Amino acid sequence: MVTKEVEKLLLKVQKPGRYTGGELNQVVKDKEKVDVRFAFCFPDTYEVGMSHLGMKILYSQFNSVEHIWCERVFAPWLDMEELMIKNNIPLYALESGDPISDFDFIGFTLQYELSFTNVLNMLKLGNIPIYSKDRTELKQIVVAGGPCACNGEPIADFIDLFFIGEGEEVDLEVIELFRKCRSENKSKQEFLQLAAQIKGVYVPSLYDVEYNEDGTIKAVTPKNGAPAKIEKRLIMDMDNVYYPDNFVVPMVEIVHDRAVQEIFRGCIRGCRFCQAGFIYRPVREKSIDAIDRQCRALCENTGYDEVSLSSLSSSDYSKAVELLSRLNEWSNDEKVSISLPSLRVDGFTDDIMSKIKTVRKSGLTFAPEAGSQRLRDVINKNVKEDELLNTCHVAFNGGWNKVKLYFMIGLPTETMDDVVAIPKLGMSVVGEYHKCENRPKNKGVTVTVSTSSFVPKPFTPFQWEPQDTKAQLIEKQNKIKETINTRKITYNYHDADTSFLEAVFARGDRRLCKAMAKASEKGFHFDGWSDCFSLEKWMDIFKECGIDPTFYANRRREFDEILPWDHIDYGVSKEFLIKECKKAYANATTEHCRQKCNNCGAAKYKGGVCFEKRQSMV
Amino acid sequence: MKNVRVWFKKDFECRYISHLDLNRCMLRAVHKSKIPVWHTEGFNPHPFITFALPLSLGFRGERETMDMRLTEDFDFEEIVKRLNTCLPNGIRVFDVTEPVLKPGKIAFALFDIKLTSDSISPANLCSELNVLFSKEEILIDKKTKSGIKEINIKPYLSDYSLSANDEYVHLSIKLPAGSQENVNPTLIINAAEKYLDKEIYSDITRLDILTEEETPFE
Ligand code: SF4
């Protein structure tokens, strides 16, 4: 819905289609007839947010409940934001055009740390007080979920309640509790205390944090009956959990403009840098029947001619080839192409290749993450150089001539030898091309080598590691540049400054809230976009607040230190993470969950891969 | 094989999508509708659709058209019905016909424009526009492929009417359109903003597309 006031602005901004709603399959209800209004906010642009699967799932699920109306809200881009402020137009939801301050719940999904300032900015644009304590009534409850909720401490003063883990069940339980509390005229405080009793709900205001003299945490103490440990929620029955048979189909082009079918949650691999690989444990698959049925319904209802099978590592689906054959039974006739993102090097078999169309001839991407075998062992990324070269060989002979390789620099234990191995691997891929008899005629090979800077994340075996300093990272980037001796390799690298700020937020504690509030006051937004990001400005703020950001990013933490997120439980034990960290130092790898269970702790959820029969039990 | 011409309105939220977005939107609707249409060949086949005259982002369209090719006989009413269930509400198909004229025959477009300004009443804006439009020469910068060019829009102001009510100024105007010469009504609004030195809001509807003989394009 576009209101008269907004209409006036739309022709003055870029891509106005992102601010109107009105797409196919959007849900419009009568606001007089619903009980709970939920503003689902994605703290980034429409194009980014509309590509996000989690939002689509919860949007449809909430709206499947008659008395809930869930609407979408995105961060307006700079031009629109400026006009909205100038014309006193508060941030509104796309379906009704109503300001978000009218809503019972304002929910954010936290996908990356650098969107934290957008969360505050969106509240500000909606004329909602940013501090939780300043919102005293039982309305405008600000909730947040998503991977970054695993350490929400840097925004703990602003969020009333975090959802820990997967949202399908717990979100609705909290909404129901809200209805009950409102009908009983309970206060917001009473509601929050009751909500804290629900498994998977973290109410940060119910925990007191004390600090030691050296700045580390002394104790986190729950009050008013809140649990000492907040356990994550997760769905064990993947076939029967709610899955939308319909997506809102955007009219303007978005980042991933296609149907998305989830095939499993979690990852068997356990790469030691990867947070997703730990917080979503254990792996839980959907059956082929369920995927086939859901996928087909989704394509029919949206009109998309492309569906992507989504998971953290799609070719690890236990029956990948069988699944693809089943989907191909109808997809070819219906002119629907199936794509498998996040393919692993060893998952790229001829069999799979022949069944998926959209690995387009231009783009072949691999993420070896580290250049040397030693360092790949350290991070437990079990990709072997010869496997990678073999896969490239198959692809080159099949007509491909462009390869993208993704690496990280600044990984724990990294030496200059490991760094030099990155461009060397790129050069080996170039060499492999020239060995291929059937390589595309008259075409050269292009290898793109990209490096990002390692950001240590909570709930990983590297959560205690210091991040490399900017100087160290730049030295490594320069080394790579120097080593490349061919124009066939293009080298891209991710800016070290953004990774630094990401590292500060990722492992930050509550004392950062002060800096967040300051940043919001100064109008910070879109930190994840180079258009807006300025580390310099952030450093000024840290200084003003008396915060040393290197304390969070570059300090090695002791195994016995109390970490800001220690009271949150994702099912993976701290002992296991310590063991994994020590194995990393010893260059020792760990088997994936299908080879051997390494007792990470997630078996307590009594399902998924932990209880699968293993073929090669040792 | 049979070519058909689909007639539709583009309004409400769908006003704000570009021609490229409209194209994608239609492709998906045609795919979803399962109407037997001819697909392009190649690596990524998609329904073959063409539009007679693209509509600028922000305009409402009352009589827009798109051509497609049926691979087998198919009821026209059914096409209307199916496409409407597959399209967002802002795009409504109201007719399907057999194409009579080639899109090259389009020569004019008829526009209905509502103009307002925060700093001046509709009546005053209307009289100022009347004065402006009766000038000998009205120059405005126009972006072209080869850079910015100054053009005189006076010759295009041959067939129009201006009136005002309490809410807005109503400008009704016929402008050259099509592959030969195409004049976008925003040029006139830009000129008004420049000469009157005021911010003007416009709400533009393309009412119809006409041939050289000024009969409706069919
Ligand atoms: S308990 Fe074992 S099988 Fe289950 S997720 Fe942990 S390591 Fe994998």
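All of these numbers come straight from a predicted model, not from anything done at the bench. In what follows, chains are A, B, ... by sequence order, proteins preceding strands, each numbered from 1.
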Visitor: Between B/D118 and chain A, which part of the residue has a heavy atom less than 4.5 Å away: side chain, backbone, both or neither?
Guide: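 For B/D118, the side chain is the part near chain A, not the backbone.
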Visitor: For B/E181, look at atom CD and say whether over 12 heavy atoms of other residues, nucleotides or ligands are found less than 6.0 Å away.
Guide: yes
Visitor: Might you point out which heavy atoms bring B/T85 and A/L24 nearest each other, and give the distance in Å?
Guide: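 Minimum heavy-atom contact is O-CD1, 4.1 Å.
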Visitor: With a cut-off of 6.0 Å (strictly less than), are more than 12 heavy atoms of other residues, nucleotides or ligands near CZ of B/F12?
Guide: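 No, CZ of B/F12 has 12 or fewer neighbouring heavy atoms, counting only those of other groups under 6.0 Å.
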Visitor: Under 4.5 Å from any heavy atom of chain B, what part of A/E253 do you find: side chain, backbone, both or neither?
Guide: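 Both parts, heavy atoms under 4.5 Å.
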Visitor: Counting only heavy atoms not in B/D73, do more than 12 fall under 6.0 Å of its CG?
Guide: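 Counting neighbours around CG of B/D73, 12 or fewer heavy atoms of other residues, nucleotides or ligands fall under 6.0 Å, so no.
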Visitor: So which of A/N25, A/T20, A/D305, A/V2 has the largest heavy-atom pair count under 4.5 angstrom toward chain B?
Guide: A/T20
Visitor: Go through the atoms of A/K12 and report whether side chain, backbone, both or neither lie under 4.5 Å from a heavy atom of chain B.
Guide: side chain
Visitor: Contact part of B/Y201 toward chain A, heavy-atom cut-off under 4.5 Å: side chain, backbone, both or neither?
Guide: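 The side chain, not the backbone.
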Visitor: Taking 4.0 angstrom as the limit, do A/K8 and B/E199 come out as a salt bridge?
Guide: no
Visitor: Tell me whether A/D531 at atom CG has more than 12 heavy atoms from other residues, nucleotides or ligands lying less than 6.0 Å away.
Guide: yes
Visitor: Counting only non-hydrogen atoms closer than 4.5 Å, does B/L20 touch chain A with its backbone (N, CA, C, O), its side chain (CB onward), both, or neither?
Guide: neither
Visitor: How many angstroms lie between CD in A/Q26 and CG in B/N89, if you round to the nearest 0.5 Å?
Guide: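 A/Q26 CD to B/N89 CG: 8.0 Å, rounded to 0.5 Å.
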Visitor: What part of B/T186 is in contact with chain A, defined as an atom under 4.5 angstrom from a non-hydrogen atom: side chain, backbone, both or neither?
Guide: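 Neither part, no heavy atoms under 4.5 Å.
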Visitor: Should A/V249 and B/K32 be marked as a side chain to side chain contact (heavy atoms under 4.5 Å, CB included) after you check the CA-CA gap, both sets of side-chain angles, and the distance that decides it?
Guide: CA-CA 12 Å; A/V249 184; B/K32 175 166 147 76; over 6 Å; no
Visitor: Show the numbers, then the answer: is there a side chain to side chain contact (heavy atoms under 4.5 Å, CB included) between B/K34 and A/E300?
Guide: CA-CA 9 Å; B/K34 301 205 170 141; A/E300 295 210 336; 2.9 Å; yes
Visitor: How long is the straight-line distance from CG of A/D257 back to CZ of B/R28, given to the nearest 0.5 Å?
Guide: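 B/R28 CZ to A/D257 CG: 4.5 Å, rounded to 0.5 Å.
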Visitor: Should we say atom NZ of B/K135 is surrounded by more than 12 heavy atoms from elsewhere, each under 6.0 Å from it?
Guide: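 Incorrect, the count does not exceed 12.
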Visitor: Between atom NE2 of B/H46 and atom NZ of A/K335, what is the distance when rounded to the nearest 0.5 Å?
Guide: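 Answer for the NE2-NZ pair, B/H46 versus A/K335, is 12.5 Å.
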Visitor: What is the minimum heavy-atom distance between A/G22 and B/P88, and which atoms define it?
Guide: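 Here A/G22 and B/P88 meet closest at O-CB, 3.5 Å.
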Visitor: Would you say B/E150 has more than 12 foreign heavy atoms packed within less than 6.0 Å of its CD?
Guide: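 Counting neighbours around CD of B/E150, more than 12 heavy atoms of other residues, nucleotides or ligands fall under 6.0 Å, so yes.
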Visitor: Roughly how far, to the nearest 0.5 Å, is the NE2 atom of B/H31 from the OG1 atom of A/T302?
Guide: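 Here the interatomic distance stands at 8.0 Å.
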Visitor: Would you say that more than 12 heavy atoms from the other residues, nucleotides or ligands in this model lie under 6.0 Å from the NZ of B/K198, or not?
Guide: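 Yes, enclosed.
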Visitor: Would you say B/K174 has more than 12 foreign heavy atoms packed within less than 6.0 Å of its NZ?
Guide: yes
Visitor: Rounded to the nearest 0.5 Å, how far apart are CE of A/M251 and CG of B/L87?
Guide: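 The distance works out to 10.5 Å.
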Visitor: If you measure from CG on A/L11 to CD1 on B/I189, what distance do you get to the nearest 0.5 Å?
Guide: 9.5 Å
